[in-house]
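Structure, as structure tokens:
Please read all numbers here as calculations on a predicted model, not as lab measurements.
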Amino acid sequence: LYNDANCKAETAKLIVELLDELNLNIPIFTAPYSQAENIYKGKIDMIIEGFSDRRYHEDYSLVSRNHPDAVIVDSKDVMSHVHEMVLKNRVVELSGEEINIQVNTICMHSDSQNAVKNLHGAREMLASSKVKIKAYD
């Protein structure tokens with residue numbers, strides 16, 4: 001549903017309608033510069049999400065997991081990726097070009113290699129850079 005809403009305006013519109021119909025005032029996680037962000041803007045609260053372990057295309061879509069370079073495995077590279085997103089508001093996309101990105105939260109997939117190590121490393125790196133880290137409530 002997350003990926004469909006990010007790629008398909010119809011799905012994002014349906015989510016807005018459903019939240020309104022159910023009178024739910026909850027924020028929705030969404031990808032930056034996605035169809036969902038465009039539809040949700042001004043209608044519902046959004047939490048723009050960046051991925052610590054995934055590569056992006058220049059249009060901000062995630063590289064398919066079928067691509068050999070889609071997932072960032074090396075912990076040092078994950079830290080660099082998170083650092084660039086959070087502290088410099090940019091990400092290096094698949095072709096090597098830097099693109100601007102603004103995120104409110106970082107997704108760290110629990111099934112990724114070294115997930116726990118990367119989570120602790122990212123938290124330490126961000127805290128040492130004076131980034132305020134807080135739980136979603």
Side-chain angles (χ1 to χ4, degrees):
L1 187 59
Y2 175 89
N3 288 329
D4 279 352
N6 285 325
C7 299
K8 300 175 186 169
E10 319 79 65
T11 304
K13 287 177 186 175
L14 182 61
I15 290 171
V16 170
E17 291 169 10
L18 182 61
L19 291 174
D20 187 49
E21 184 178 315
L22 296 173
N23 199 27
L24 293 174
N25 186 21
I26 57 173
I28 300 294
F29 286 74
T30 189
Y33 312 106
S34 64
Q35 290 289 322
E37 182 182 13
N38 292 333
I39 299 297
Y40 299 162
K41 199 174 290 182
K43 296 180 178 120
I44 60 176
D45 289 333
M46 294 178 285
I47 299 172
I48 308 298
E49 181 175 39
F51 290 88
S52 65
D53 58 352
R54 293 291 302 279
R55 301 226 186 266
Y56 288 85
H57 288 294
E58 66 182 13
D59 67 354
Y60 299 95
S61 63
L62 294 175
V63 175
S64 167
R65 286 184 181 264
N66 294 330
H67 190 284
D69 293 326
V71 179
I72 303 170
V73 177
D74 183 83
S75 292
K76 186 180 96 180
D77 293 338
V78 169
M79 293 309 107
S80 176
H81 193 63
V82 170
H83 180 270
E84 291 295 303
M85 274 193 286
V86 175
L87 297 170
K88 297 191 176 180
N89 295 322
R90 65 185 181 203
V91 66
V92 177
E93 51 95 7
L94 189 60
S95 74
E97 297 295 317
E98 288 181 357
I99 55 175
N100 295 328
I101 193 169
Q102 298 231 332
V103 298
N104 307 113
T105 191
I106 298 292
C107 174
M108 181 124 358
H109 291 105
S110 62
D111 61 345
S112 291
Q113 185 176 338
N114 299 316
V116 173
K117 174 184 174 186
N118 291 342
L119 183 62
H120 288 293
R123 182 176 179 79
E124 288 176 23
M125 180 266 298
L126 294 171
S128 71
S129 297
K130 307 292 189 241
V131 173
K132 184 177 178 182
I133 300 169
K134 65 179 189 171
Y136 169 74
D137 51 343

With a 4.5 Å limit on heavy-atom distance, are the side chains of L87 and M125 in contact? yes

Given 3.5 Å as the limit, does a donor-acceptor pair link the side chain of S61 with the main chain of H57, or not? no

Could you check if a side-chain atom of V63 sits within less than 4.5 angstrom of a side-chain atom of Y56, using non-hydrogen atoms only? no

Decide whether S34 and N6 meet the rule of one side-chain donor and one side-chain acceptor closer than 3.5 Å. yes

Scanning both residues in full, the closest heavy-atom pair of A12 with A36 reads CB-CA, 3.7 Å

I'd like to check N118 versus M79 (side-chain heavy atoms, cut-off strictly below 4.5 Å). Are they in contact? yes

Can you see whether E93 engages S95 through a side-chain donor-acceptor pair at a distance of less than 3.5 angstrom? yes

Check for me whether the distance between the ring centres of F51 and H81 falls short of 6.0 Å. no

S64 side chain to N66 main-chain N or O, any donor-acceptor pair under 3.5 Å? yes

Between Q102 and I48, is there a side-chain heavy-atom distance shorter than 4.5 Å? no

With side chains defined as the heavy atoms from C-beta onward, is the minimum distance between I28 and L19 less than 4.5 Å? yes

Flag side-chain contact, heavy atom, 4.5 Å: E97 against E58: no

Can you confirm whether R90 sits close enough to M85 that some side-chain heavy atom of one is under 4.5 Å from a side-chain heavy atom of the other? no

Contact summary for Q35 and C7, nearest pair of heavy atoms: CG-O, 3.4 Å

Does any non-hydrogen side-chain atom of E49 lie less than 4.5 Å from one of Y2? yes

What are the two closest non-hydrogen atoms of I99 and Y60, and how far apart are they? CD1-CE2, 3.5 Å

Main chain of D111, side chain of H109: is a donor-acceptor contact present, judged purely on distance under 3.5 Å? no

T30 and E37: which non-hydrogen atoms are nearest, and at how many Å? OG1-N, 3.8 Å

Heavy-atom closest pair, residues I133 and A127: CD1-N, 4.0 Å

Closest approach of I72 to S52 (non-hydrogen atoms, all atoms of both residues): CD1-O, 4.0 Å

Hydrophobic cluster identity match, F29 and L22, side-chain contacts under 4.5 Å: yes

